[in-house]
Amino acid sequence: MKSIILQTATRYLLPMLLLFSFFLLFRGHNSPGGGFVGGLVASAAYALYSIAFGVEEAKKLLRIEPVYLIATGLMLALFSGMIAFFSFDTFMTAKWSDLNFPLFGKLGTPLLFDLGVYIVVIGITLKILFTISEEVKP
Amino acid sequence: MTTFDIELLVLLPILLPLSFAILMLFAWKNLQFQRIINVVAGSTGFIVAIILFSTIYVNGIQVVAIGGWKVPFGIVLVADNFSAIMILMSGLMGFAVAFYSIVTVDTANEQHFYYPLLQILLMGVNGAFLTGDMFNLYVWFEVMLISSFVLLALGGKQEQLEGAVKYVTLNLVSSMIFLSAVGILYGMTGTLNMADLAVKVKLVENQGLVTVVAMMFLVSFGIKSAVFPLFSWLPASYHTPPVAVSALFAGLLTKVGVYTMYRVFTLIFDINNEFIGTVILIIAGFTMVTGVLGAAAQNDFRRILSFHIVSQVGYMVMALGLMTAFSFAAGIFYIVYHIVTKTNLFFISGIVERIKGTYNLDTLGGLFKKYPSVSLLFLISAFTLSGIPPFAGFWAKFTVALAGFRIEQYLIVGVSLFVGLLTLYSMTKIWNYAFWQDEKQESEVEREFYKISINRKYLLYSPSIFMTVVILLLSFFAGSAFDFAVLTGEQLANPQYYINAVLGVR
């Protein structure tokens with residue numbers, strides 16, 4: 001099914017949704033939001049794109065195989081916990097930089113962890129989506 | 001060792017499998033690389049488990065407060081004797097299964113993330129053994145269950161999906177009950193830290209509600225460890241997946257349920273509570289009997305073994321229900337011996353399947369004549385399982401029975417001895433049909449088996465030989481193993497050690 005209305009709308013919605021997902025990710029530390037819901041919104045953007053243009057197009061847009069996203073996300077999350085080892089603290093002890101960035105506020109390992117979650121969620125959701133929308137090959 | 005080293009050591013059983021799983025995911029197309037990494041992961045996991053075990057043995061209970069949060073508020077990992085034993089067993093299993101998987105798992109399954117899932121499963125199991133926080137325990141259960149769902153359904157055959165549906169449904173029900181119980185417990189006490197709970201549950205005014213929560217935990221862990229009458233998912237699903245997965249599940253997964261049962265009913269709820277003890281004993285009796293009767297009716301190698309898991313879980317739960325330090329020790333020894341033996345029996349069933357192409361006892365036969373070494377491996381494990389001296393199974397059953405005699409619970413001891421006899425019956429049945437009786441005809445699969453290179457054959461046998469050696473060690477050094485189990489039993493019977501270790505930190 002190709003709908004010109006959906007396709008046109010999707011071209012505008014995709015960047016909006018992705019931006020919104022980043023917004024959710026960054027405000028997640030102590031307000032509602034976070035990596036998980038942000039990742040869901042981002043993968044919803046790709047899901048919308050795959051409905052409008054087909055799965056093959058969505059795969060092309062993503063460029064990278066979702067499994068690598070899962071691996072990268074897990075690695076980031078694990079690494080964010082291990083940063084504390086460098087200063088001989090327990091696993092997952094939060095480390096904050098002293099710099100205050102505009103828009104983000106202070107950066108620290110919890111954000112890195114959330115970013116990892118964000119990427120894992122995108123990876124898994126899209127892997128599921130791409131797998132079940134593939135046609136069964138006889 | 002500094003505190004940092006020990007903390008790292010306690011974390012490693014969780015961090016290592018995760019790191020290796022990530023590595024495998026990055027190389028998800030390269031199966032050869034994944035196999036090698038899996039063997040490396042299994043070996044390092046085993047080594048770390050041994051080091052952790054000896055450290056705990058020397059230095060006592062170790063506590064790690066994750067993220068540096070103060071103790072009753074944050075999540076803690078606690079490694080006491082019992083955890084250390086269980087981590088050692090899971091390390092052993094990971095090691096043996098890593099080698100066993102190489103030969104027995106199909107390429108199609110390997111392509112569908114078999115190896116990363118195996119590591120994630122081990123991470124979940126280790127996490128459940130180490131955690132000292134009720135909600136965190138729930139999370140580890142989920143990690144473990146979700147990877148086990150996928151492993152169980154890998155291959156997508158009809159009977160697998162049928163088994164998987166039962167497994168998933170019942171285990172989700174169990175998780176739901178578990179979560180509700182955790183919620184109620186939190187509502188009553190305002191804490192989720194197990195040591196803190198142990199202190200605060202005794203102060204709750206409404207002790208009736210505490211018993212209700214205890215029963216909810218019993219039902220939930222009962223489903224996970226397959227006790228009567230909640231075991232139906234186990235015989236329906238354990239004989240369907242690739243045999244390496246069967247072996248791992250048979251050895252470890254139900255034991256996680258038993259482990260948490262031991263942990264919760266010794267630590268959080270009062271072990272002198274007559275009511276809980278009696279309920280557990282009744283459940284144990286029925287579990288033993290139904291499991292072994294179910295096995296007697298089966299005609300499939302793996303199905304017989306699956307039903308036996310149920311009956312053996314009955315013994316472990318019985319040891320818990322007796323509620324003395326000695327019975328806990330006997331139960332722990334039983335768990336250890338059962339993990340090794342049952343896994344080995346599943347390994348052997350896989351070897352037999354590899355040779356003959358079937359698990360069905362009616363079509364098997366003639367293995368003793370052609371494969372005396374495989375028969376010997378089976379014989380040792382079967383003798384151990386049915387409790388024939390001098391093998392470990394005898395010491396395990398003997399000590400459990402002795403624990404019962406000491407507090408004059410003659411009925412349940414009688415049941416357990418009778419069940420032991422029936423266990424011998426089903427082992428004889430497998431022996432008679434698969435090994436002893438004459439071969440009917442040489443199958444196509446067997447001719448294929450002759451062509452397999454000798455190295456691959458060794459690779460197929462070696463995990464089973466390794467496990468048999470462990471069984472023999474456990475049999476002939478039962479004394480020293482049991483001494484450690486007694487120490488652990490003392491620790492479980494006196495939760496004050498655990499509580500002091502956790503709440504005294506920082």
Side-chain angles (χ1 to χ4, degrees), chain A residues 29-30 34-36 59 62-96 108-128 130-132 134-138, chain B residues 1-30 33-34 37 62-71 74-78 111-113 115-117 119-120 123 127 130-131 133 136 143 146-147 150 153 156 505-506:
Chain A
H29 182 61
N30 45 15
F36 189 83
K59 276 185 188 167
L62 188 66
R63 288 208 178 103
I64 181 172
E65 164 64 42
V67 176
Y68 294 118
L69 283 181
I70 301 175
T72 317
L74 281 175
M75 196 183 66
L76 278 181
L78 181 67
F79 180 66
S80 79
M82 285 184 170
I83 287 177
F85 287 157
F86 293 119
S87 56
F88 295 96
D89 280 318
T90 322
F91 185 60
M92 286 259 163
T93 307
K95 296 282 160 209
W96 297 94
T109 51
L111 181 65
L112 195 60
F113 182 83
D114 249 2
L115 189 67
V117 174
Y118 177 87
I119 297 172
V120 172
V121 171
I122 297 179
I124 291 206
T125 321
L126 291 183
K127 182 72 191 166
I128 294 171
F130 291 164
T131 312
I132 60 178
E134 258 173 18
E135 289 190 15
V136 181
K137 284 162 204 142
Chain B
M1 274 201 260
T2 63
T3 349
F4 178 73
D5 290 341
I6 292 181
E7 283 189 349
L8 195 61
L9 193 62
V10 175
L11 282 162
L12 275 182
I14 297 171
L15 296 187
L16 272 181
L18 180 61
S19 321
F20 284 119
I22 294 170
L23 203 61
M24 288 173 189
L25 280 177
F26 274 117
W28 67 290
K29 279 183 178 154
N30 187 344
F33 178 76
Q34 285 189 32
I37 290 294
Q62 297 300 327
V63 182
V64 180
I66 299 286
W69 297 98
K70 286 237 165 49
V71 159
I75 291 170
V76 285
L77 298 183
V78 185
Q111 276 164 348
H112 288 96
F113 306 104
Y115 293 116
L117 283 167
Q119 291 305 320
I120 301 278
M123 175 179 84
L130 281 174
T131 185
D133 182 281
N136 196 232
V143 170
I146 286 173
S147 42
V150 185
V505 152
R506 264 171 246 176

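Chain letters run A, B, ... following the sequence lines, proteins first and then strands; every chain starts at 1.
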Residue pair A/I70 / B/W28, side-chain heavy-atom distance below 4.5 Å: no
Closest heavy-atom pair and its distance - A/A71, B/L25: CB-CB, 3.6 Å
Is B/F4 in contact with chain A via its backbone, its side chain, both, or neither, using a 4.5 Å heavy-atom distance? side chain
Toward chain A: residues of residues 15-24 of chain B with heavy atoms under 4.5 Å: B/L15, B/L18, B/S19, B/I22
Side chain to side chain donor-acceptor pair (under 3.5 Å) against B/Q119, all qualifying residues, sequence neighbours excluded: B/N38
Checking B/D5 now: which residues fulfil side chain to side chain donor-acceptor pair (under 3.5 Å) with it, not counting sequence neighbours? B/T2
Residue set satisfying side chain to side chain donor-acceptor pair (under 3.5 Å) with A/K127, at least two apart, ordered chain then number -> A/E65
How many angstroms lie between atom CD of B/E7 and atom CZ of A/F88, to the nearest 0.5 angstrom? 12.0 Å
Should we count CZ of A/F130 as having more than 12 external heavy atoms under 6.0 Å? yes
So do A/F91 and B/L8 actually touch side chain to side chain, heavy atoms under 4.5 Å? no
Can you say whether A/L74 sits under 4.5 Å from chain B via the side chain, the backbone, both, or neither, judging by heavy atoms? both
